[in-house]
Amino acid sequence: MLVSKPKIEPGEKLSAVTRSNFKLCMEFAILLSGGFGGRAGQTAGLLGSKDVLDLKDGESIIVLRVRELLESGFGRVVLVARKGRAVRRYQEIFKEIDPEYLSYLEDSGSMYKVSLAKCLREIQGYPVDIVEQDPELPYGNFSPLYTLYQKGMFEPGYSYLVAYADDDVLGENPSAQLVQEYKNGSADIMMMAQEVSKEEVSKFGTFDFGDHEAEYSHTAKGNRFLQGRVKRLAEKASAEHAPSHIASLGRMILPYDIFNYALRAGYQPNGPKSAKDPGFREFNTVDAINAMADDGYSVLALGVAGRWLTTGDVPSLNFARFVYAIQEPDQKERFVQYLMQAPDLRGYVAETLAHSIPSRQ
């Protein structure tokens, strides 16, 4: 699907197109992992990315996200990462695992290690293209996408699923849910969403529904979710200024036109690259989406059928690990017994969960 990149000028006048003109590309999905992992602790930073940390059953966050996208029907995953350690780690995970390590596992005689080797060999077969983010582009979460645009990976008339790697969902596959709803023709742009607490709202992009009310309903499994027409988005607004407590989850479907509107919204690929440079302006995908919404494109927030577990910082990652650990009956029993023998820790856990769980229901 490599095509010649058309010339787009900043400020170029564009007009909204109809939903019927967009076809969802199922050839590949895009997975973005461009952060430094600074909030996720020392190990994440030293490894080059927090997304290589283990989350569930000994599997890393990045592997779980790749599998989610492949199970959603996409032919392959295009993974964009920063130059350096992050790219090297992903090459090791998906392309070049140490054969000596695999031999050690397979010859160990341990059922667990043999099973681990089998899983690692399976991961090596995943269709993952690893792309290095252009280091000359300014800091911002649109730069990984623009890197692919420069390489001619997008085609006019198509829409693309874009996912971030630093979270997980306990429940139904969120990418598959998004794909299914998008194919129903509900909107030009679709974004997964979930309600968060007032204490957490400033960490995320939040939705302004304008005169429309977000509609709530329940899935067959009893999970609460929403669906709402979006007027605008606010990026990491304070609790006092956030338009709602409905946060943008790291899955979205964006049409090719996003690149036209990115330039209209002020993105400067050759502009200042960091906050130290005069005139620097961090560009977020939200700015381009807002420009599209202002021009008549329809944006839909679709509530995830499950519980959203963020993993961007140490407390959130530990909470997610805890949630998965207690899904197993034996782990739950062991955990309860341990807490019963440690009153101080039991009180701390109870207080922490009292603040954490309501925001993830």
Side-chain angles (χ1 to χ4, degrees), residues 1-3 5 22-35 47-99 101-102 105-106 115-134 144-155 157-169 172-180 182-183 190 192 250-256:
M1 190 178 284
L2 296 180
V3 296
K5 178 169 66 69
F22 296 127
K23 181 179 180 181
L24 179 61
C25 172
M26 296 301 296
E27 179 183 339
F28 62 88
I30 301 158
L31 184 57
L32 306 181
S33 179
L47 291 175
S49 170
K50 59 180 174 291
D51 304 327
V52 300
L53 299 176
D54 286 350
L55 175 61
K56 176 185 176 185
D57 298 331
E59 291 190 298
S60 64
I61 299 169
I62 196 70
V63 168
L64 293 172
R65 295 290 63 69
V66 165
R67 186 177 298 135
E68 172 192 318
L69 294 171
L70 294 176
E71 291 177 350
S72 302
F74 293 95
R76 59 192 170 98
V77 173
V78 178
L79 171 57
V80 187
R82 286 184 302 101
K83 178 181 179 180
R85 284 172 294 175
V87 167
R88 292 197 297 270
R89 293 293 174 269
Y90 294 146
Q91 287 287 355
E92 291 171 353
I93 292 172
F94 295 107
K95 305 291 183 183
E96 304 166 357
I97 193 168
D98 184 355
Y101 176 53
L102 282 177
L105 293 174
E106 292 170 335
S115 176
L116 175 59
K118 181 180 179 182
C119 180
L120 291 174
R121 286 196 182 278
E122 177 186 335
I123 292 168
Q124 294 282 292
Y126 287 171
V128 178
D129 298 339
I130 301 169
V131 178
E132 183 180 287
Q133 179 175 319
D134 185 349
L145 278 178
Y146 200 81
T147 295
L148 299 181
Y149 173 73
Q150 290 176 318
K151 292 179 177 293
M153 291 200 65
F154 302 112
E155 184 175 349
Y158 279 84
S159 292
Y160 300 86
L161 189 142
V162 179
Y164 293 95
D166 58 349
D167 66 4
D168 198 30
V169 171
E172 299 178 24
N173 182 323
S175 294
Q177 183 187 349
L178 192 62
V179 167
Q180 181 59 48
Y182 187 81
K183 288 182 175 179
M190 294 192 67
M192 298 301 291
R251 316 285 187 286
M252 63 191 77
I253 293 179
L254 303 172
Y256 175 89

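Every residue two or more places apart in sequence or in another chain that forms a side-chain hydrogen bond (donor to acceptor under 3.5 Å, both in side chains) with E122 is listed here: Y126. Under the rule for a side-chain hydrogen bond (donor to acceptor under 3.5 Å, both in side chains), T147 has no partner lying at least two apart in sequence or in another chain. For E71, there are no side-chain hydrogen bond (donor to acceptor under 3.5 Å, both in side chains) partners, not counting sequence neighbours.
The backbone N or O of D168 sits nowhere less than 3.5 Å from a side-chain atom of R65 that would complete a donor-acceptor pair. A donor-acceptor pair under 3.5 Å is formed between the side chain of Q124 and the backbone N or O of I93.
Taking the centre of each ring, Y160 and F28 come in below the 6.0 Å mark.
Scanning both residues, K95 and V128, for their nearest heavy atoms gives NZ-O, 2.5 Å. What you find for P255 and S159 is that their closest heavy atoms are CA-OG, 3.4 Å. Between M153 and V78, the closest heavy-atom pair is CE-CG2, 3.9 Å. Across every non-hydrogen atom of V77 and V66, the tightest pair is CG2-O, 4.0 Å. In terms of heavy atoms, Y256 sits closest to G157 at CB-N, 4.3 Å. In this structure, V169 and P174 approach most closely via the heavy-atom pair CG2-CG, 3.8 Å.
Side-chain contact between F22 and I253 is absent, with no heavy-atom pair separated by less than 4.5 Å. Side-chain contact check for R88 versus Q91: every heavy-atom pair is 4.5 Å or farther apart. Considering only heavy atoms from C-beta on, I30 comes within 4.5 Å of F154 through its side chain.
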Practice problem: Using the side-chain contact (heavy atoms from CB on, under 4.5 Å) rule, take R121 and K118 through it: C-alpha gap first, then chi angles, then the decisive distance, then the call. | Solution: CA-CA 5 Å; R121 286 196 182 278; K118 181 180 179 182; 5.9 Å; no
Practice problem: Mind running side-chain contact (heavy atoms from CB on, under 4.5 Å) on I123 and I97 for me, showing each step along the way? | Solution: CA-CA 10 Å; I123 292 168; I97 193 168; over 6 Å; no
Practice problem: Start with the C-alpha distance between Y164 and M252, add both sets of side-chain angles, then the distance that settles side-chain contact (heavy atoms from CB on, under 4.5 Å), and finish with yes or no. | Solution: CA-CA 9 Å; Y164 293 95; M252 63 191 77; 3.7 Å; yes
Quiz item: Taking it one step at a time, do R251 and Q177 satisfy side-chain contact (heavy atoms from CB on, under 4.5 Å)?
Solution: CA-CA 10 Å; R251 316 285 187 286; Q177 183 187 349; over 6 Å; no
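Between R67 atom CZ and N173 atom CG the span is 11.5 Å, to the nearest 0.5 Å. In this structure, S72 OG and L161 CG are separated by 7.0 Å, a value rounded to the nearest 0.5 Å. Atom OH of Y182 is separated from atom NZ of K23 by 12.0 Å, given to the nearest 0.5 angstrom. Going from atom OH of Y158 over to atom CD of E27 covers 9.0 Å, rounded to the nearest 0.5 Å. In this structure, L31 CG and Y90 OH are separated by 7.5 Å, a value rounded to the nearest 0.5 Å. Here the straight-line distance linking atom CG of L148 with atom CG of D129 works out to 10.0 Å at 0.5 Å rounding.
Results of the side chain to side chain contact (heavy atoms under 4.5 Å, CB included) test with L32 over L79, V80, D166 single out V80 as the only residue that passes.
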